[in-house]
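Structure record follows, encoded as C-alpha cells.
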Amino acid sequence: MAEVDDVVSKTFRALVESADRKFARVRDFPSYGRAQGQHFFQKVFKAYMRLWKYQQEHRTELVKAGLNRWEIGEIAGRIGQLYFGQYMRTSEARFLVEAYVFYEAILKRRYFEGCKVKDLGVRFKELRFFARFLLVSLILNRTEMVKVVVEKLRALVDDCKANFRETNFKEWKLVVQEILRFMNVDTTFTITSARPVRYRAIFDCHPNSVPYVARFHAKKVLKFRDAILMSYHWNEVKFAELTLDAYRMLQCLEWEPSGSFYQKHPAEPKENGVAVDYSGASGLIDMNLSADMMDPTLPPNPRKAILYRPSVTHLIAVMATISEELPPESVMLVYLSASGKSGHSNASPVETSGGSRRTTKNKLASHNSLEQNFPAPESHINGKKGSSDYYDDYLWLGPKGNSGSSNLYPGDIIPFTRRPLFLIIDSDSSHAFKVLHGAERGEKAGLLLSPLRPMFKDPSIADITQNGSQFTFFLTAPLQAFCQMVGFSLTDSDTEVLNSAENLLSTAFSKWEVILCKSPSLDLVWAQVLSDPFLRRLIVRHAGTKNLLTDIIER
C-alpha cells in the first residue's frame, strides 16, 4: 500500500512540474493579437485540468503523503489565472466567469486559511490570490464579493506584518489603499441599484427608436471587432494595472449577462441559516456553474487590448498588430486618455467655431468629427494643412518630466487610417486631433473628442487623478456623470429620483437615435458604424450630453 501511495505522490509531483513549465511559457504572453500562442494555451489548460482531475481522484493517498491544502489552492489559482488571462486576450465572458468560479471555490474552501502555515512563501501566495480575485470580481461587478475579499486582504496584510516583522509589506499596503480608493470613486459601490455600465438590451434599446434603428441601412456597414483602451495620467485612480477610466470603457464595451448567477445573493453561502464549512477534504469545484452565469443568446464581446502606461512606441506597435489582423469590413476603436503638454492654454468647453451657430442636426450630418467646441488651427481655416499641424500638440505618455519620445502626435495616428478607425480622445489637447479630418490615407476616421477642460459646480472635484475623467464618465455612465457635475449625491435611497432621471435620459437619447437614423445626409463615417449597438450608444451619448450641457449653459 505504501508503494502505491509513493507512486501516486511521484506522479502528482511530475504533473505539477510539467504544468508549471507550460504555465511559465504563456504567463507573459501579450494580451493582444488574435492567434499568438493559442496552441500553447491549449496545452497548458490541458495539463492543469489533468492535474486537477488527478488530485481529485487520489486525494486520500496524496493527503497521506503530505499534500497541503494550500497546494490544492495554488493549482486552482493557476487555473483561475489562466482563465482570466484568456479573458483579457479574447474578451469572452465565459473565461472571466470560469476564473471567478475557481477563485470563489478557493475562498469558500479556505485552501490557504485552513493550513495555518507560518511560511512566508505561502503567505505571499495567499496575498497574490486575493489580489487576483479582487480584479476578477471587480470586472465581473460582484461588488459584495469585492467588499468581502477587501476585508480579508486587509486582515491578511495586518497578520503578515505582525508575524513577519523582518519583511516589508509596503507594496501590499499600497494594494489595499488602491482598491479602497477605487471603491470610493467608482459609483458601482455607492449606487448599487444604478443601471449597469455594460450594454443591456432592456435599458439601452430605447423602444421609440428601435423601429428606426431596425430600418436604418447604410451602403457600407462595418463590424466592431477590436478595441484598444489606454489611460495614462499621473497618480490616476487604478487597481493593479486597470485604471478607472479604462475600467469604465471596458465595462461600456461589453454585454451585460443576464444569467441567474447575476441575481443578488450573499457572498457567503449558508445552509439552514448556518455557514457552509468547506474546510474538509472535498476538492470538487462546480465547473458547470458557469452555464448558469452565461447568456447564450448574447453575441460575442469585441476584443479589447487594455494598455497600462505604455510607451508611445509600444502603443503604436499594438495598434499596428491589431490593425494588421483586423478582419475585412471591420472597424478598430482606439480610446486614448492622457494629458497634453504642460502649460497648454485651455479654451472654454462650449466655444463654437466661427461664432455662428448651426443646428446640431446639421453638425452631425456634415462633419466626421462630432466635437465642435474648438476653433480650427489657422492653417486649417482656408482648407490648407501644413505638416506642422500634425506635430504641434500631443498626448503625453510618460512619467514626470518632458521628453519628445513620450509624445503621441496626431501625425502618429495617420498611418492607421488606412483601415476603418473610430478614435476617442480624452485630453486637454484633444482639439489637436481635429487635423486628422481630411488627412486620412484610405478610410475616413470617426472622431469623438473631449472638451479641453471639464465643467463642475464644485471645481475641487475636477482633478482627473482623484475622480477619473468627466468626458469618459459621460460616455459610460451619463446620469452619474451629470450628478457629479452639478454636485448632487445619489444614493440607493433615491430610487424614485434615480428612475425618473434615467427615464428622462433614455427619452433624450432615443430622440437622438431617431435624428441620426432619419438624417438623409449623415456622413458615411457614422452611418457605417451606426448599426453596432456599442458604437451607436457612444455616438448618441456624446451628441446628446454635449448638446444638453450646451443648452443648460446658454440658459
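Position 1 is the first residue of the sequence, and the numbers go up from there.
At least one side-chain heavy atom of Lys152 sits less than 4.5 Å from a side-chain heavy atom of Val148. Side-chain contact between Met332 and Pro420: absent, with no pair of heavy atoms (C-beta onward) separated by less than 4.5 Å. Two residues are said to be in side-chain contact when any heavy atoms from C-beta on lie closer than 4.5 Å; Thr243 and Tyr232 fail this criterion. By the 4.5 Å heavy-atom criterion applied to side chains, Ile322 and Val334 are not counted as neighbours. Here the side chains of Leu153 and Val175 are in contact, with some heavy-atom distance below 4.5 Å. Within the 4.5 Å cutoff, the side chain of Leu244 has no heavy atoms near those of the Phe239 side chain. At a threshold of 4.5 Å between non-hydrogen side-chain atoms, the residues Val529 and Arg536 do not count as touching. In this structure, the side chains of Phe133 and Phe102 stay at 4.5 Å or more apart for every pair of heavy atoms.
Separation of atoms CG (Leu333) and OH (Tyr335) is listed at 10.5 Å; rounding is to 0.5 Å. Note that CG of Leu135 is 10.0 Å distant from OH of Tyr247, once rounded to the nearest 0.5 Å. Taking CG of Leu475 as the start and CG of Leu448 as the end, the distance is 6.5 Å to the nearest 0.5 Å. The CG atom of Leu505 sits 13.5 Å away from the CZ atom of Phe203 when rounded to the nearest 0.5 Å. Once rounded to the nearest 0.5 Å, the distance linking CD1 of Ile179 with CG of Leu174 reads 13.5 Å. How far CZ of Arg89 is from CZ of Phe95: 10.5 Å, rounded to the nearest 0.5 Å.
Between His206 and Phe509, the ring-plane angle classifies as tilted under the 30° and 60° cut-offs. Between Phe471 and His542, the two ring planes are perpendicular [angle over 60°; tilted spans 30° to 60°].
A salt bridge links Glu254 with Lys304: the closest approach of a Lys/Arg side-chain nitrogen to an acidic carboxylate oxygen falls below 4.0 angstrom. Ion pairing between a basic and an acidic side chain is recognised when a charged N comes within 4.0 Å of a carboxylate O; Arg541 and Asp204 show such pairing. Of the charged side-chain nitrogens involved, at least one lies within less than 4.0 Å of a carboxylate oxygen, so that Arg94 and Glu92 count as a salt-bridged pair. Taking the charged nitrogens against the carboxylate oxygens, Glu151 and Lys147 have no contact shorter than 4.0 Å, which rules out a salt bridge. Salt bridge Glu178/Arg181: absent, no basic N to carboxylate O contact under 4.0 Å.
Aromatic ring centres of Phe482 and Phe488: separated by at least 6.0 Å. Taking the six-membered ring for Trp and the full ring otherwise, the centers of Phe534 and Trp255 sit less than 6.0 Å from each other.
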CA sep, side-chain torsions, deciding dist, call: Tyr100, Tyr83, ring-ring contact (aromatic ring centres under 6.0 Å, His included): CA-CA 9 Å; Tyr100 184 91; Tyr83 274 124; over 10 Å; no

Show, in sequence, the C-alpha distance, side-chain angles and deciding distance for Glu236 and Ser231, and conclude whether the side-chain contact (heavy atoms from CB on, under 4.5 Å) test is met. CA-CA 9 Å; Glu236 61 188 321; Ser231 176; 2.7 Å; yes

The test is side-chain contact (heavy atoms from CB on, under 4.5 Å); show your working for Lys434 and Leu449 and say whether it passes. CA-CA 8 Å; Lys434 292 179 70 174; Leu449 307 179; 3.4 Å; yes

Set out, in order, the CA-CA distance, both residues' side-chain angles and the distance that settles side-chain contact (heavy atoms from CB on, under 4.5 Å) for Phe473 and Thr187, then state yes or no. CA-CA 10 Å; Phe473 205 12; Thr187 54; 3.7 Å; yes

Does Arg123 form a side-chain contact (heavy atoms from CB on, under 4.5 Å) with Leu156? I'd like the steps, not just the answer. CA-CA 8 Å; Arg123 295 300 92 187; Leu156 178 60; 4.0 Å; yes

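Panel note: side chain Asn163, backbone Asp159; a donor-acceptor pair is recorded below 3.5 Å. Between the side chain of Ser430 and the backbone N or O of Ile425, no donor-acceptor pair lies under 3.5 Å. Proximity of a side-chain donor or acceptor of Asn184 to a complementary backbone N or O of Leu180 within less than 3.5 Å is detected. Remark: the backbone N or O of Leu326 is not paired with any side-chain donor or acceptor of Ser330 at under 3.5 angstrom. Without hydrogens or angle criteria, Gln470 side chain to Met485 main chain gives no donor-acceptor distance under 3.5 Å.
Checked by atom type, the side-chain pair Asn503/Asn499 shows no donor-acceptor distance below 3.5 Å. With no hydrogens or angles considered, a side-chain donor-acceptor pair links Asp426 and Ser469 at under 3.5 Å. Side chains of Asn141 and Glu256: a donor-acceptor N/O pair is absent below 3.5 angstrom, by distance only. A donor and an acceptor atom, one from each side chain of Asn407 and Tyr409, are located under 3.5 Å apart.
Asn301 and Ser91 get closest at one heavy-atom pair: ND2-O, 3.1 Å. Contact between Lys170 and Asn168 at its shortest, heavy atoms only, is N-OD1, 2.8 Å. The two residues Ser137 and Val146 have their closest heavy-atom pair at CB-CG2, 3.6 Å. The shortest heavy-atom contact between Val237 and Val185 is CG2-CG2, 4.2 Å. Of all the heavy atoms in Ala432 and Asp393, the pair that sits closest is CB-CB, 3.5 Å. When all heavy atoms of Cys252 and Leu538 are compared, the pair lying nearest together is SG-CD2, 4.0 Å.
Shown are Glu502, Gln484, Arg195; of these, the side chain to side chain contact (heavy atoms under 4.5 Å, CB included) with Leu479 is made only by Glu502.
In Ile202, the CD1 atom is not crowded: 12 or fewer heavy atoms of neighbouring residues, nucleotides or ligands sit closer than 6.0 Å.
A cation-pi arrangement is not found for Arg132 relative to Tyr103, the charged atom failing to lie both closer than 6.0 Å to the ring centre and inside a 45° cone about the ring normal.
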